[in-house]
Amino acid sequence: MYVAGIDCGAKYVKVIIIRNGEIIGRGSVLSGFDVKGSLNEALKKAMEQPKISAEDLSYVVATGTGKGEVDFAQATMTEVTANAKALNFLFPSVRTVIDVGAEEGRAIRINELGKVIDFAINEKCAAGAGTFTETMARALEIPLEEMGPLSLKSQKSVPMNAQCAVFAESEVVSLIHAKHAKEDIARAVHDAIADRIASMARKIGIERDVALVGGVARNVGFVDSLKRDLQVELLIPEQPEFSCAFGAALLAAERAKGG
Amino acid sequence: MEREYWRWPESRFTAEDIDWRKGEIISAGVDVGSVSSQAVVLVDGKLFCYSNTRTGADSPQSAQKAMDMALEGTGMSLDDIHYIVGTGYGRVNVPFAKRAITEIACHARGANFMYGPSVRTILDMGGQDCKAIHCDDKGKVTNFLMNDKCAAGTGRGMEVFADLLSIPIEEMGRLSFQIDEEPEPVSSTCVIFAKSEAVGLLRKGWPKEKVLAAYCSAMAHRVVELLERIGVEKEFAVTGGIAKNEGVVKRIERELQIKALEPTYDTQIAGALGAALFAKALVEKERGLR
Amino acid sequence: MLEKYKTEPLKCWSKAKEIRSNYYKNYALAHEKGGLRWAGGAWSFDAIPAGLGDDVYPLTGEPYAASIAWNKEFALRCHEAVEKAGYARDLCSYMRNYWGSIILNEYLFGGKFPKPDFIWQDHICCSHAKWYQVARDLEGGDVPYFAIDVSVGPYEELTPSRLEYVVGQMHDGIEWLEKVTGRKYDDEKLIQAVLNHCRSTSLWAEICTYNRAIPAPLDEKTMYSLYVLGTLQKSSKQVADFYEELRDEVKDRVERGIAAVSNERCRVMSDTQPPWAFLRVFRYLEKYGCVSVGSLYTFGLIGMWEVKEDGTWGPRKTPQELGIEIKDRDQALRLLASWELKKPEWQHFYSPQLKSEMMIRIAKEWKLNGVMLHYNRGCEGLSLGIAENRLALLEAGFPVMIFEGNMGDEREFDEAQTISRIDAFMESLGFEKLEE
Amino acid sequence: MMERFRQWYENRHDYAREWKKKTGGKVLGYFCTYAPEEIMYAAGVLPVRILGSHEPQDVTEPHIFGMYCPFCRDCLAQGLKGRYSYLDGIMISQSCLHIRQAFTSWELHIPVDFSYYLPMPNNVQSKRAVPYLAHELRAFKNALERWMGKEIRDEELEQGIEIMNKSRRLTRELYELRKSESPPLSGLEAMYAVVSSQMVDKREYNNELEAILRKLPQRVEDNSAKIRLMILGSENDDTEFLKMVESLGAIFVIDDHCTGSRYFWNETIPNQDLFESIATRYVERIPCPSKDWPVRKRVSHIKELARDWKAQGAIVIQQKFCDPHELDIPSIIKSLKESGIPSQFLEFDVTVPVGQFKTRVEAFLEMLRGEDLF
């Protein structure tokens with residue numbers, strides 16, 4: 001029996017297909033503005049490997065900002081619950097989940113059963129972590145994927161206002177003109193985002209173990225800054241951006257069994 | 001490689017009718033802004049050549065690049081220039097400049113040259129900040145106001161939208177009028193809010209042009225708020241990169257019910273031009289001419 | 001959708017609407033009747049100017065500004081007018097709506113903004129006395145202004161000297177009122193107004209107690225339209241009488257099992273003023289069978305409470321009920337001051353703990369499943385200590401969801417995000433949508 | 001010459017710890033300059049103002065909602081990070097709601113022996129304010145007596161008043177020197193002096209300042225060509241900002257801050273009832289805007305300062321979200337303009353975007369300088 005979890009995120013559509021608790025297919029596609037089109041494409045990608053067709057899916061659960069677009073889903077769930085489910089399955093010891101995406105960040109406290117105890121989502125004024133790194137990479141004239149490794153070379157912390165991405169940007173411009181080294185600025189950018197995320201996570205209290213998921217978890221510079229800030233080890237699943245989709249797939253599996 | 005929609009085309013210009021070797025005073029201004037840099041060279045106060053280029057992560061290099069590009073093919077070298085004034089965010093990092101003067105003073109002075117002495121209110125929309133400047137008939141600043149924090153990032157915001165919509169930045173103004181009727185503006189407070197609103201609208205099926213119109217009018221609205229706080233005295237002119245975006249400028253004019261003066265030069269060079277004019281005055285001072 | 005309970009509209013509804021609309025009309029038309037107009041906050045002691053005569057009409061700033069917030073187009077014009085005048089956009093949004101209405105010279109209910117004959121204010125937060133200081137500037141600088149400072153600490157620490165400070169200012173205020181209006185002050189009218197004040201506020205608390213019932217006879221969205229009368233003129237006989245009528249109706253609804261939300265199965269409370277332009281958020285809760293039964297804000301801004309013998313909260317006994325006879329001005333003022341200083345929604349200005357205790361009490365006594373806190377960027381007074389309240393509620397075992405917004409400036413509210421938070425919160429409480 | 005003040009400011013915590021070791025006394029942290037330090041000195045405790053550190057922080061989000069001013073959050077962060085672990089007590093004298101939250105959260109999460117809320121009246125223009133505050137000051141004294149386990153006698157109160165008055169007098173003398181055509185000290189130095197006086201034993205501060213005042217007139221410092229600026233607004237100990245401005249050919253000659261002149265301007269004039277004397281001082285001092293109503297008394301005071309110290313321009317700063325100042329600034333800017341003093345407004349956070357502010361200030365100075373390049 002095949003089931004799927006679909007995460008219609010701000011930037012990507014991600015699909016996970018599982019059978020008997022095992023991931024057998026995944027697909028990720030830039031969502032663009034034609035969400036339905038991207039959705040079909042991502043689904044197609046995910047079904048390539050197991051060589052199945054949409055009719056073979058006995059249950060589909062959708063999550064993410066665009067979950068309403070998945071009209072063939074039997075159920076929907078929020079990213080908060082999806083993450084809780086996924087991480088409880090992957091790392092049963094996890095009590096705090098931090099999820100950082102392109103636009104939104106969230107922190108979730110869960111118990112040993114994966115039940116959500118408390119959660120926080122970044123406020124309007126602290127949005128845009130992902131976008132911020134992108135524009136800053138541009139200002140520094142380096143490819144986005146080099147931002148992380150570059151910042152690891154820095155030995156110096158440059159304080160920067162953290163709350164708002166736009167204010168932070170004007171500080172970055174000042175730093176550039178004050179001739180700070182690129183690696184120090186890259187680190188300052190990551191420190192600022194980490195600071196913002198940590199601030200939100202502290203709201204719900206950091207209880208170990210702590211997991212980090214979402215696309216930004218792939219940025220080694222950010223991970224380093226966040227670890228330093230929170231003073232905890234971070235468990236990061238292999239494909240951290242698929243965590244919500246996986247959580248949704250887990251729910252789909254339960255439902256399919258008649259749970 | 002992916003197309004970089006956000007990038008303004010670079011440009012340069014030389015006045016073919018001027019023989020710089022006959023000039024008494026050769027002065028230059030270099031404006032290193034947060035997004036773009038310009039160099040302007042004047043020969044006896046007449047515009048001889050200029051360049052408009054992208055600012056990199058290293059301001060001295062950006063200054064050098066702008067200067068090299070302006071001088072390209074003119075036969076003039078740095079040593080031929082009597083005085084250089086630096087301006088813009090990176091003004092103190094212009095290695096060959098003798099003095100730094102703020103972009104606020106330079107834009108007023110440059111606008112006075114570009115638009116004539118009747119200019120009283122200048123709106124300079126740059127990459128990071130937006131400034132409303134009052135000046136007298138000589139282009140001397142009498143008052144100025146900068147955007148509040150929440151309205152920062154005007155120029156960068158346009159770039160974000162160019163990317164988001166995959167529309168070349170220089171096309172944005174024109175396209176923003178290809179709509180049936182003016183939509184409600186998106187959030188006028190903040191670039192980040194505006195972007196997330198725009199994504200929502202696009203997913204709802206709004207055509208790109210309409211989203212663009214909503215953003216341009218939000219920007220215009222935000223700028224008008226700034227202008228109204230300082231007051232708009234005639235004549236009114238717009239300088240800086242976004243002056244090239246008719247989608248914003250026309251909407252500002254519509255809201256203010258005032259027509260902005262028509263530019264005869266590349267509006268982005270106003271700062272460097274003002275700096276070059278100040279450089280000329282400084283040479284005259286040095287030579288005891290004033 | 002599953003309908004567990006019967007519901008029916010409130011019979012008093014149209015009367016509440018009528019009182020409100022007459023109130024705004026009377027203020028505008030006061031001069032035509034030879035009367036006086038005064039402006040001030042909803043926290044000001046409106047019983048005191050009542051001693052100037054029956055033809056003295058108030059305009060309280062907060063409810064007026066909240067009405068503006070309902071009208072998005074007008075509100076936005078107000079904000080922009082205020083920003084243009086050089087005032088910061090992060091200031092109290094009620095205050096900005098109110099100033100905007102003066103600057104634009106437009107009265108929300110038609111015509112030009114009616115200039116008050118005097119300002120009668122009190123000072124509770126950083127903005128209150130300053131609000132009308134600026135309003136006076138905007139009105140041309142010639143409106144007589146008086147404000148009373150009530151910042152004497154929490155009620156449980158009230159001392160004779162602290163009370164004296166407030167009462168002293170009240171006495172000064174009456175002298176001042178006589179001077180600026182040229183009218184003779186009538187103590188008998190003051191006494192009546194004080195009694196009405198106590199009656200209104202005690203009755204409102206009683207009305208709120210009926211919401212302990214399952215199903216709740218009122219939902220918070222409805223309560224907003226009812227408690228507001230207390231912010232307009234709680235010292236008027238009309239408001240006190242209305243609350244009596246409403247009390248009877250709500251009591252009857254409980255007896256007959258009439259619900260505000262027919263599928264009620266989850267009960268929450270909110271906190272602080274809601275984002276007025278987005279009350280549909282409360283409607284959205286109903287998709288989950290969730291009802292907000294009130295908040296410390298709706299219960300304790302107008303309602304006066306005390307701990308009853310059984311340890312639960314009940315309406316504070318009025319002087320009438322206690323058989324106290326008010327004989328003179330001084331006694332009336334003392335009574336009024338000490339009555340008001342016990343306002344629940346005032347205590348937390350001194351310590352978030354005092355508020356947390358009251359909120360936990362409500363959560364227990366009103367049998368709540370969770371709490372939705374509105375982190376209100378529009379009001380620094382009522383958002384004071386809200387983060388600590390959140391921690392205390394969690395500690396006490398009540399799940400909490402927070403959402404950021406602004407009561408009067410819709411630019412600071414993100415509706416889509418708030419809806420998705422509600423989804424996540426409901427999921428975490430174990431509820432699924434009853435309908436799509 | 002004035003290095004000591006900077007050292008005290010930068011090593012405030014070491015100073016306090018040393019002081020405790022040396023004297024065996026108690027240190028009482030206070031949150032707002034309405035705190036009656038006279039009574040604390042009379043009680044033999046060291047009053048220390050709790051201030052922030054100007055570093056970005058991420059520990060206060062669970063406790064204070066982000067719409068309150070960065071300063072109050074910065075203050076609380078210092079407590080949460082344990083930097084004030086030597087405090088034996090804390091107190092606040094009522095002023096704005098923002099800083100009140102730093103106090104109430106501190107009370108909850110960083111317990112100390114002694115914690116006191118003094119409900120300083122807000123209606124300082126009412127005749128009821130002095131008798132009421134005198135009463136509250138007595139209550140505060142009683143609380144201190146209970147805490148310290150000793151009586152506070154009138155002589156001690158008189159001494160407390162004298163310690164405070166002396167530091168006020170001396171600091172005013174220091175400020176008088178800034179009226180000179182070429183002020184012998186920078187605005188930054190003046191700021192270090194005043195802010196450090198909020199952190200150290202005033203007796204020690206008085207001795208240091210007395211010595212400096214003897215030497216200062218001989219100091220050779222040519223500041224005559226600099227643009228004379230006034231700085232005013234909310235709490236400000238942003239030394240980096242002052243340094244930046246004064247590096248651009250300007251000098252701050254006068255201020256109106258609670259970390260500046262507003263703190264020490266008025267003296268306590270002792271009369272028969274010492275509590276009433278102290279109450280009168282705090283009721284009549286140059287007000288924080290949160291207490292400046294119905295009349296805005298501070299506006300005319302600011303204009304006088306600008307006139308007497310010959311300020312050519314004013315920099316008006318405000319902590320982000322500081323409502324009391326936001327409510328006065330438009331009227332201050334207007335009134336300065338009417339008396340021919342241009343101003344430049346800047347919104348402060350824990351850290352400021354130096355590049356952008358530098359441009360604004362430089363352009364402002366260019367305008368004031370009016371160099372003829374036209």
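Quick note on labels: first sequence line is chain A, next is B, and so on, each numbered from 1. What's counted below: heavy atoms across the whole structure, side chains too, no hydrogens, waters or symmetry copies.
- Using a 4.5 Å cut-off between heavy atoms, C:Phe349 touches chain D through backbone and side chain atoms alike.
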Pair D:His109-C:Glu388, side chain to side chain contact (heavy atoms under 4.5 Å, CB included): steps then yes or no: CA-CA 10 Å; D:His109 305 288; C:Glu388 295 290 1; 2.8 Å; yes
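- Using a 4.5 Å cut-off between heavy atoms, D:Glu326 touches chain C through backbone and side chain atoms alike.
- In this structure, chain D has no heavy atom under 4.5 Å from any part of C:Asn389.
- Neither the backbone nor the side chain of D:Gln318 comes within contact range of chain C; no heavy atoms are under 4.5 Å apart.
- With rounding to the nearest 0.5 Å, the separation of OH in D:Tyr132 from CG in C:Leu163 is 11.0 Å.
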Side chain to side chain contact (heavy atoms under 4.5 Å, CB included) evaluation trace for D:His63 with C:Leu391: CA-CA 8 Å; D:His63 307 289; C:Leu391 293 176; 3.6 Å; yes
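- Taking each heavy atom of C:Tyr350 and D:Gln94 in turn, the nearest pair found is CE2-OE1, 3.3 Å.
- Across C:Ile386, C:Val150, C:Asp172, the residue that shares the most heavy-atom pairs under 4.5 angstrom with chain D is C:Asp172.
- Of the two parts of D:Phe345, neither the backbone nor the side chain holds a non-hydrogen atom closer than 4.5 Å to a non-hydrogen atom of chain C.
- Counting all heavy atoms, side chain and backbone alike, C:Gly86 lies closest to D:Pro330 at O-CG, 3.5 Å.
- Against chain D, the residues from residues 115-123 of chain C that qualify, each with a non-hydrogen atom under 4.5 angstrom away, are C:His123 in number order.
- Looking at D:Pro289, both its backbone and its side chain come within 4.5 Å of chain C, counting heavy atoms on both sides.
- Heavy-atom pairs under 4.5 Å with chain C peak, among D:Leu97, D:Asp323, D:Leu133, at D:Leu97.
- Heavy atoms closer than 4.5 Å to chain C are found in both the backbone and the side chain of D:Ser105.
- Counting heavy-atom pairs closer than 4.5 Å to chain D, the top-ranked of the candidates C:Glu164, C:Arg390, C:Gln169, C:Gln353 is C:Gln169.
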Check against side chain to side chain contact (heavy atoms under 4.5 Å, CB included), C:Lys130 and D:Asp328: CA-CA 8 Å; C:Lys130 307 291 278 185; D:Asp328 272 0; 2.9 Å; yes
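- Contacts of D:Lys334 with chain C are absent, with no heavy-atom separation under 4.5 Å from either backbone or side chain.
- With a 4.5 angstrom heavy-atom cutoff, D:Asp292 touches chain C via backbone and side-chain atoms both.
- When all heavy atoms of D:Thr104 and C:Ser351 are compared, the pair lying nearest together is CG2-CA, 4.2 Å.
- The nearest pair of heavy atoms linking D:Pro119 to C:Ser151 is CB-O, 3.7 Å.
- Sparse packing is recorded around NE2 of D:His135, with 12 or fewer heavy atoms of other residues, nucleotides or ligands lying under 6.0 Å away.
- C:Glu404 is listed as a side-chain neighbour of D:Phe65, based on a closest heavy-atom distance under 4.5 Å.
- Only the side chain of C:Arg136 comes within less than 4.5 Å of a heavy atom in chain D; its backbone stays farther off.
- Between D:Leu108 and C:Pro352 the shortest heavy-atom distance is CD1-CG, 3.9 Å.
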Intermediate values then yes/no, salt bridge (Lys or Arg N to Asp or Glu O under 4.0 Å), C:Arg162 and D:Glu136: CA-CA 9 Å; C:Arg162 291 177 177 185; D:Glu136 289 301 329; 2.7 Å; yes
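- Formation of a donor-acceptor pair under 3.5 Å by the D:Asn122 side chain with backbone atoms of C:Asp149 is not found in this model.
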Stepwise side chain to side chain contact (heavy atoms under 4.5 Å, CB included) check, C:Glu380 with D:Phe321: CA-CA 10 Å; C:Glu380 58 141 35; D:Phe321 305 135; over 6 Å; no
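- Ranking D:Arg296, D:Glu107, D:His98 against chain C, the residue ahead of the rest is D:Arg296, based on heavy-atom pairs under 4.5 Å.
- The two residues C:Val134 and D:Leu327 come nearest to each other via the heavy atoms CG2-O, 3.9 Å.
- With a 4.5 Å cut-off on side-chain heavy atoms, D:Trp293 and C:Tyr132 do not count as touching.
- Taking C:Ser127, C:Gly153, C:Ala85 one by one and counting their heavy-atom pairs under 4.5 Å with chain D, the maximum is reached by C:Ser127.
- Looking only at distances, a side-chain donor or acceptor of D:Asn123 sits under 3.5 Å from a matching main-chain atom of C:Ala147.
- Between chain C and the residues D:Ser95, D:Pro121, D:Pro131, D:Ser126, the largest count of heavy-atom pairs under 4.5 Å involves D:Pro121.
- Heavy-atom contacts from other residues, nucleotides or ligands closer than 6.0 Å to NZ of C:Lys342 number more than 12.
- Both the backbone and the side chain of C:Leu384 come within less than 4.5 Å of a heavy atom of chain D.
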